[in-house]
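Throughout, residue positions are numbered sequentially from 1 according to the sequence presented. Keep in mind that the numbers below use all heavy atoms, side chains included, and drop hydrogens, waters and symmetry copies.
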Amino acid sequence: MNILIFFIILLVLVLVHEFGHFFAAKRFGIRVDEFGFGFPPKLFGKKFGETEYTFNLLPLGGFVKIFGENPTEENTSGPDSERSMINKPAWKQAIVLFAGVAANFLLAWLLFSFSFMSGLPASVSNAPEGYVISNAELMIISTLPESPAEVAGLKSGDRVISVQTVSGDQSLTEINPDTLRTFILANANEEIEIGYKRGKSEQGVASVIPVIGDNGSPAIGISMDLVGIVKVPFFKALWEGLKFNWAVTSATAVGLYTLITEGLQGKGDMSAITGPVGLVGIVGDAYEFGFSYLLSFTALISVNLAIINLAPFPALDGGRLLFLLIEKIKGSRLNPAFANAANMVGFAILIILMLFVTYNDILNLI
């Protein structure tokens with residue numbers, strides 16, 4: 001089930017991206033030869049007007065084949081060259097290239113907004129101003145490695161529903177971060193049973209014995225927060241979704257920049273990178289938490305896809321935009337053979353990186 005959900009999400013995100021290119025190209029009179037669902041080999045197709053819409057064997061997204069995207073003699077000086085992308089003004093080419101990224105940002109905004117409308121989990125302390133949070137529960141945000149909580153099986157996302165000593169002599173009636181800390185402090189030498197809910201239906205009990213933390217106080221090794229559901233009216237949700245989309249975009253861009261710079265300095269951490277295999281598990285977790293979680297996670301992937309595509313690397317939209325900028329500065333076109341070769345090499349490097357990340361995902365699962 002998780003794999004199916006992941007493929008559906010990937011298909012939607014890539015098709016939205018490619019539709020952005022498709023729509024902009026059509027608006028500027030650029031010939032679009034093919035819009036493909038999935039990747040070849042082709043299963044079947046149907047031609048409407050000048051564009052063939054194909055369904056392909058590998059369900060990993062899709063592609064759009066724009067006439068003149070990769071310069072050749074035919075599309076630069078052939079019979080239909082006036083409808084070639086390469087022969088359009090640079091600003092039109094730039095819009096076509098950026099349109100895919102814009103479509104991903106737009107999709108993320110709509111998904112975040114719909115999440116706010118349908119009920120988005122939010123911290124009680126950081127809820128949108130003026131809105132009431134319902135069904136607040138104590139949620140475990142993270143567990144420290146090899147801590148009593150992790151050893152007992154507690155995970156991030158678990159909601160604490162009961163707390164008592166193993167003898168049953170003491171228990172918590174009101175559960176929040178402050179009362180749980182006080183309870184742990186008062187029962188530092190006793191085994192504590194923590195009842196939890198995980199996902200939609202799973203429940204369990206974890207037994208932990210506090211240990212002395214770095215601050216010298218008893219602890220079980222978790223960070224926690226009081227989290228509930230906030231629902232926002234339609235127009236307010238659009239505004240909150242836009243603000244949240246900007247915050248996520250900024251944080252993602254900074255994170256990607258830091259990852260690249262640290263990698264070039266030999267300080268990169270592969271554990272910070274997740275590929276398709278790792279995403280399958282995360283999608284499953286999001287689905288278990290609820291539909292709004294899944295929507296928000298899909299929006300997050302859409303933002304990541306947009307930012308990565310903007311990177312000035314050959315074969316990516318950002319790389320093609322960089323080539324356009326270089327041509328504008330030098331006042332003439334780049335050698336078509338060089339541009340095509342650079343994009344081919346860039347694509348090969350991206351495939352190798354994807355295989356490496358996938359290999360690392362598999363190692364983490366073993």
So, [X] and [Y], do they make that salt bridge, N to O below 4.0 Å?
X	Y	result
D33	K65	no
R159	E137	yes
E82	R31	no
E150	K155	no

Value rounded to 0.5 Å, distance of [atom1] in [X] from [atom2] in [Y]:
X	Y	atom1	atom2	answer
S296	I301	OG	CD1	11.5 Å
I229	S118	CD1	OG	9.0 Å
F35	H21	CZ	NE2	10.0 Å
N75	T72	CG	OG1	3.5 Å
F105	F98	CZ	CZ	6.5 Å
I140	L180	CD1	CG	8.5 Å

Can you give me the closest heavy-atom contact between [X] and [Y], atom names plus distance?
X	Y	answer
E327	L334	OE2-N, 3.1 Å
I9	T298	CD1-OG1, 3.5 Å
G20	A103	CA-CB, 4.1 Å
G36	T54	CA-OG1, 3.3 Å
L226	I175	CD1-O, 4.0 Å
G221	S147	O-OG, 3.4 Å

Residue pair L294, I5: steps toward the side chain to side chain contact (heavy atoms under 4.5 Å, CB included) verdict: CA-CA 10 Å; L294 187 61; I5 295 173; 4.2 Å; yes
Is it the case that atom [atom1] in [X] sees more than 12 heavy atoms from other parts of the structure closer than 6.0 Å?
X	atom1	value
F63	CZ	yes
K236	NZ	no
K46	NZ	no
E50	CD	yes
F183	CZ	yes
R333	CZ	yes
K92	NZ	yes

Residue pair L305, I308: steps toward the side chain to side chain contact (heavy atoms under 4.5 Å, CB included) verdict: CA-CA 5 Å; L305 180 63; I308 290 173; 5.8 Å; no
Measure the shortest side-chain to side-chain distance between [X] and [Y] over non-hydrogen atoms and say whether it is less than 4.5 angstrom.
X	Y	answer
P177	R181	yes
V303	N245	yes
V248	L300	yes

Check against salt bridge (Lys or Arg N to Asp or Glu O under 4.0 Å), K42 and E52: CA-CA 11 Å; K42 181 172 74 174; E52 183 182 17; 3.0 Å; yes
Between S156 and S142, a side-chain donor and acceptor under 3.5 Å: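 Checked: S156/S142 side chains show no N/O donor-acceptor pair below 3.5 Å.
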Residues T165 and N187: side-chain donor-acceptor under 3.5 angstrom: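 The criterion, which ignores hydrogens and geometry beyond distance, is not satisfied for N187 and T165.
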Residues R320, N343; criterion side chain to side chain contact (heavy atoms under 4.5 Å, CB included); working and verdict: CA-CA 8 Å; R320 295 178 184 273; N343 286 323; 3.5 Å; yes
Backbone N/O of V205 and side chain of E193: donor-acceptor pair under 3.5 Å: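 The answer is no, because no donor-acceptor pair under 3.5 Å joins these two groups.
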F116/W239 aromatic ring centres below 6.0 Å: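 When the ring centroids of F116 and W239 are compared, they turn out to be at least 6.0 Å apart.
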Residues I30, M85; criterion side chain to side chain contact (heavy atoms under 4.5 Å, CB included); working and verdict: CA-CA 6 Å; I30 299 171; M85 179 172 167; 3.9 Å; yes
CA sep, side-chain torsions, deciding dist, call: F55, Y53, ring-ring contact (aromatic ring centres under 6.0 Å, His included): CA-CA 7 Å; F55 290 84; Y53 299 85; 9.1 Å; no
